[in-house]
Engineer: 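Below are the structure tokens for one structure; questions will follow.
Note on naming: letters A, B, ... go to the chains in the order of the sequence lines (proteins, then strands), and numbering restarts at 1 for each one. Remember, predicted model here, so these are calculated numbers, not experimental data. FYI, side chains are in, hydrogens and waters are out, and symmetry mates aren't considered; it's all heavy atoms of this structure.
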Amino acid sequence: MTIAPAKAGWRFRQPSVIPGFGLTLGFSLAYLTLIILIPLSGLVWRSAALGWTDFFAIATDRRTLNALEISFGAAFIAAAVNVVFGTLVAWVLVRYRFPGRRIVDAMVDLPFALPTAVAGIALTTLYAPNGWIGHLLAPLGIKVAYTPLGIVVALVFIGLPFVVRTVQPIMEEIDKEVEEAAATLGANRFQIITRILFPGLAPAIITGFSLAFARGVGEYGSVIFIAGNLPYKSEIAPLLIVIRLEEYNYPAATAIAALMLLLSFVMLLIVNLAQSWSRKRYG
Amino acid sequence: MADPEIKSYEPHHESQSAAVTESLPVRLLLMAVAFAFLVIFVLLPLIIVFHEALAKGLGAYTESLSNPDTRSAIRLTLLVAAIAVPLNVVFGISAAWAIAKFEFKGKAFLTTLIDLPFSVSPVISGLVYVLLFGAQGLLGEWLKAHGIQILFAVPGIVLATVFVTFPFVARELIPLMQEQGNGDEEAALSLGANGWQTFWYVTLPNVKWGLLYGVLLCNARSMGEFGAVSVVSGHIRGLTNTMPLHVEILYNEYNAVGAFAVASLLAGLALVTLVLKTLLEMRYGAEIAATRGH
């Protein structure tokens, strides 16, 4: 017969000899509540106080819808571009040896470290019709600065490290022996990449995509310089919030912000579902 | 038991068999595409900042940096970082201690809450304080009656900066301290150290490089934050303009040299941050938490 261990009562925390639990948790919770939770719940409270009809009217306003569409659309395209090139950059950094690899590796983090306003004016100057890149694209009829394409360019810059830094560590962990085994069994390189490598990387790629996408949706500083900010055409949702605030139209600003948070939350949910699907499919 | 002879045989990275790598032309092509992408999207934006800043010579550059408004923007940025970073360091250490050293209910939820500011648009981070402290805000009347200015003043800028840089130190320390476990602390306590001594002489030396790493990222973001600060600052020249906001004002006034001169200081800060970060990763990679990304 087995003896069941004595059933422990419900306890908030496991006993420990280490002191300071009450102090550190108490301080952390108080600080978190003051800085993050109270202000954020203020936003929720204010948008709830709007009432359904007002909220609906603001949410379905043409300008709001266009701004949300531009923010989410541009962020989606930029994240997709970063999935392709970010994965490629990660591959080159992990698998190939070349002089200056560490510098190239460090360069990937520049978009994290460079303040967004600096990135904004730098990209705008590069892609303006007379800029270093802009003047090469102008004869081809491609306009980047002051168009929605400019928004995508800025978001590609901002999102790059998210994809590279999520995919890179997983790539490093891939066991080369599995590839060798596949090769000895007659798989060609293309089959190895699509059947062996990609399935292992898929969850990381999805995570990288979602991080880059989430960052892109909320991005403000780097975008407003290059976007041109034409209402209905190249106006992003965060900018519309700022514009409504400057008009002292607090209800509209609040409603758009609440809508953005809601949409981001839904996106996060979808990504999590895709994540668990890819784990089931490939895991 | 594994045969040591067999175990020591490991394929070298450098000498790969053709089956598990791409052919040379493919490799060169992939590298060329990756480098071209990085040059266009990362290197050129960095270069053009310094190029534009020095477009009219060194004299114009130093002159625009000695402008009183620019000087006051630099001072304000340093002041805000000097308040926001230590606040988040104290919070980060305290949260990491509670989360990494103890098992309690709702720990995962608390960890998620700490990361919350990363998933909120910077503009919304500023907006929440406007809704709280603004003239039409929840506390607006009370603040006005007591003559306390938070919005369009330094306290608002500090609060917005603290909000956006909130997770940096905590998310660096939590996984690191979890990885290290409680053994060292328990040994120190059993030898008679008190809680404070244990933290100061045992825990802190164990996590110092991870802490420095978090401080580095926290500082870079707090000096460079634009969206959140822009919403709460009121853009009063010489008073509530931080360096990134000053870059915007000068740029919109078509003062390209001035804007890029201030931008070059921020780009310099980014470069210093990257160099220090890389050095930390090279030297103390094992002593910095494995999770990175922000």
Side-chain angles (χ1 to χ4, degrees), chain A residues 12-14 16-21 24-25 27-28 31-32 35-36 39-40 42-43 46 85 88-89 92 96-97 106-107 109-110 113-119 121-123 125-126 132 156-157 160 162 165-166 176 179-180 183 189 214 218 220-221 238 241-242 245 250 253-254 257 260 264, chain B residues 14 19-20 27 30-31 33-34 37-38 41-42 44-46 48-49 52 91 94-95 97-98 101-105 113 116 119 121-124 127-132 136 138 162-163 166 182 185-186 189 195 220 224 226-227 231 244 247-248 251 259 263 266-267 270 273-274 278 292-293:
Chain A
F12 172 60
R13 79 170 169 102
Q14 304 289 314
S16 165
V17 292
I18 294 178
F21 179 70
T24 54
L25 186 71
F27 173 76
S28 304
Y31 188 77
L32 178 77
I35 301 287
I36 309 288
L40 270 182
L43 175 74
R46 286 290 287 249
F85 288 96
L88 175 65
V89 168
V92 167
Y96 304 155
R97 291 291 168 269
M107 234 169 78
D109 276 333
L110 186 78
L114 196 69
T116 53
V118 178
I121 63 169
L123 290 170
T125 309
L126 280 177
W132 289 354
V156 168
F157 173 83
L160 174 72
F162 290 91
R165 292 300 181 234
T166 319
K176 280 205 142 166
E179 282 172 67
E180 280 164 7
R189 192 66 196 149
Y220 175 72
I241 295 177
V242 172
L245 265 182
Y250 284 25
T254 312
M260 275 186 74
S264 304
Chain B
E14 274 73 22
V20 291
R27 247 184 296 168
L30 290 181
M31 279 169 76
V33 174
F37 181 80
L38 285 176
F41 276 94
V42 180
L44 281 183
L46 183 67
I48 200 154
V49 170
E52 294 293 308
F91 163 75
S94 153
W97 184 271
K101 301 287 175 206
F102 300 93
E103 290 301 327
F104 58 93
K105 300 266 189 283
L113 282 183
L116 201 59
S119 43
S121 169
V123 167
I124 298 179
L127 169 74
V128 294
Y129 290 108
V130 175
L131 294 179
L132 211 55
Q136 303 175 35
L138 297 173
V162 169
F163 187 111
F166 188 84
N182 290 355
E185 282 79 8
E186 280 161 3
L189 289 164
F226 179 77
V231 171
V247 167
E248 183 196 20
Y251 186 80
L266 290 169
T273 304
L274 281 188
T278 308
R292 301 212 183 88

Engineer: Find the one option among A34(B), A98(B), A270(B), S94(B) whose heavy-atom pairs under 4.5 Å with chain A are most numerous.
Structural biologist: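 Highest number of heavy-atom pairs under 4.5 Å: S94(B).
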Engineer: Does the ring of Y250(A) carry R46(A) above it, NZ/CZ under 6.0 angstrom from centre and within 45° of its axis?
Structural biologist: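 Here R46(A) fails the 6.0 Å and 45° test against Y250(A).
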Engineer: Of the backbone (N, CA, C, O) and the side chain (C-beta and beyond), which part of L266(B) lies under 4.5 Å from a heavy atom of chain A, both, or neither?
Structural biologist: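 For L266(B), the contact with chain A is made by backbone and side chain together.
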Engineer: Could you go through F91(B) and I35(A), starting from their C-alpha distance and side-chain angles, then the distance that decides it, and tell me whether this counts as side chain to side chain contact (heavy atoms under 4.5 Å, CB included)?
Structural biologist: CA-CA 11 Å; F91(B) 163 75; I35(A) 301 287; over 6 Å; no
Engineer: To the nearest 0.5 Å, tell me how far R27(B) CZ sits from L30(B) CG.
Structural biologist: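 That separation rounds to 10.0 Å.
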Engineer: Please classify the contact of A253(A) with chain B as side chain, backbone, both or neither, using a heavy-atom distance under 4.5 Å.
Structural biologist: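 Both parts, backbone and side chain.
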Engineer: T116(A), L25(A), L88(A): which one forms the most heavy-atom pairs within less than 4.5 Å of chain B?
Structural biologist: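 Answer, by heavy-atom pair count under 4.5 Å with chain B: L88(A).
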Engineer: Say you draw a straight line from CH2 of W132(A) to CG of L44(B); how long is it, rounded to the nearest 0.5 Å?
Structural biologist: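 Result: 6.5 Å between the selected atoms.
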Engineer: When heavy-atom pairs shorter than 4.5 Å are enumerated against chain A, which of L116(B), V162(B), L38(B) gives the highest number?
Structural biologist: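 Ranked by heavy-atom pairs under 4.5 Å with chain A, first place is L38(B).
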Engineer: Which residue out of G227(B), A267(B), S121(B) racks up the most heavy-atom pairs below 4.5 Å with chain A?
Structural biologist: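 Sorted descending by pairs with chain A, the first entry is S121(B).
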Engineer: Assess the residue pair F226(B) and V123(B) against the criterion (side chain to side chain contact (heavy atoms under 4.5 Å, CB included)); give the C-alpha distance rounded to whole Å, side-chain angles, the decisive distance to 0.1 Å, and a yes or no.
Structural biologist: CA-CA 9 Å; F226(B) 179 77; V123(B) 167; over 6 Å; no
Engineer: Using a cut-off of under 4.5 Å for heavy-atom pairs, which of L245(A), V242(A), I121(A), V89(A) has the most such pairs with chain B?
Structural biologist: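 If we count pairs closer than 4.5 Å to chain B, I121(A) comes out on top.
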Engineer: Given that the side chain runs from C-beta out, which part of T166(A) has a heavy atom under 4.5 Å from chain B: side chain, backbone, both or neither?
Structural biologist: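 Neither the backbone nor the side chain of T166(A) comes within 4.5 Å of chain B.
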Engineer: Is F163(B) in contact with chain A via its backbone, its side chain, both, or neither, using a 4.5 Å heavy-atom distance?
Structural biologist: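 F163(B) touches chain A through backbone and side-chain heavy atoms alike.
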Engineer: So which atom in G218(A) and which in M260(A) form the shortest heavy-atom distance, rounded to 0.1 Å?
Structural biologist: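 That would be CA-CE, 4.2 Å.
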Engineer: Where is the tightest heavy-atom contact between V128(B) and P39(A), given as atom of each residue plus distance?
Structural biologist: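 Closest approach of V128(B) to P39(A): CB-O, 3.5 Å.
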Engineer: Please rank T254(A), L32(A), V17(A), L114(A) by heavy-atom pairs under 4.5 Å with chain B and give me the top one.
Structural biologist: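 Answer, by heavy-atom pair count under 4.5 Å with chain B: L32(A).
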Engineer: Side chain, backbone, both or neither: which part of V231(B) has a non-hydrogen atom closer than 4.5 Å to chain A?
Structural biologist: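 Contact with chain A is through the side chain of V231(B) alone.
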Engineer: Could you give the distance from CG (L113(B)) to OG (S28(A)), rounded to the nearest 0.5 Å?
Structural biologist: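 Those atoms lie 12.0 Å apart.
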Engineer: Which region of L138(B), side chain (C-beta onward) or backbone (N, CA, C, O), has a non-hydrogen atom less than 4.5 Å from a non-hydrogen atom of chain A, or is it both or neither?
Structural biologist: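 It is both, since atoms from each part get that close.
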Engineer: Under a 4.5 Å heavy-atom cut-off, does chain A meet the side chain of V247(B), its backbone, both or neither?
Structural biologist: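 Side chain only.
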Engineer: Less than 4.5 Å to any heavy atom of chain B: does that hold for the side chain of M107(A), its backbone, both, or neither?
Structural biologist: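 M107(A) touches chain B through backbone and side-chain heavy atoms alike.
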Engineer: Quick one: NZ on K105(B) to CZ on R13(A), what's the gap to the nearest 0.5 Å?
Structural biologist: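 If I round to the nearest 0.5 Å, the distance is 12.0 Å.
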Engineer: As an exercise, state the distance from OG of S16(A) to CD of E186(B), rounded to the nearest 0.5 Å.
Structural biologist: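 Nearest 0.5 Å value for the OG-CD distance: 6.0 Å.
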Engineer: For the candidates L126(A), V92(A), L43(A), which exhibits the highest count of non-hydrogen atom pairs separated by less than 4.5 Å from chain B?
Structural biologist: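 Top count of heavy-atom pairs under 4.5 Å with chain B: L126(A).
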Engineer: Please classify the contact between F166(B) and chain A as side chain, backbone, both or neither, with a heavy-atom cut-off of under 4.5 Å.
Structural biologist: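 Side chain only.
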Engineer: Is any side-chain heavy atom of I241(A) less than 4.5 Å from a side-chain heavy atom of Y220(A)?
Structural biologist: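 Not touching, per the 4.5 Å side-chain cut-off.
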Engineer: W97(B) versus F27(A): any side-chain heavy-atom pair under 4.5 Å?
Structural biologist: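 Sidechains of F27(A) and W97(B): no contact.
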Engineer: If you count heavy-atom pairs under 4.5 Å between each of F102(B), F104(B), Y251(B) and chain A, which one has the most?
Structural biologist: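 Ranked by contacts with chain A, first place is F102(B).
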Engineer: Nearest heavy-atom pair of I124(B) and A257(A): which atoms, and what distance?
Structural biologist: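 Heavy atoms only, the tightest pair is CD1-O, 3.7 Å.
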Engineer: Taking A119(A), A117(A), G221(A), P115(A) one by one, which has the highest count of heavy-atom pairs under 4.5 Å against chain B?
Structural biologist: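 Highest number of heavy-atom pairs under 4.5 Å: P115(A).
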Engineer: Which residue out of A220(B), A95(B), G195(B) racks up the most heavy-atom pairs below 4.5 Å with chain A?
Structural biologist: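 Most heavy-atom pairs under 4.5 Å with chain A: A95(B).
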Engineer: If you count heavy-atom pairs under 4.5 Å with chain A, which of T273(B), T278(B), L131(B) comes out on top?
Structural biologist: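 If we count pairs closer than 4.5 Å to chain A, L131(B) comes out on top.
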Engineer: Check whether F41(B) gets within reach of chain A through its side chain, its backbone, both or neither, counting any heavy atom under 4.5 Å.
Structural biologist: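 For F41(B), backbone and side chain are both near chain A.
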Engineer: Which bit of L274(B) comes within less than 4.5 Å of chain A, counting heavy atoms only: side chain, backbone, both or neither?
Structural biologist: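 Only the side chain of L274(B) comes within 4.5 Å of chain A.
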Engineer: Give, as side chain, backbone, both or neither, the part of E248(B) having an atom under 4.5 angstrom from any heavy atom of chain A.
Structural biologist: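 It is both, since atoms from each part get that close.
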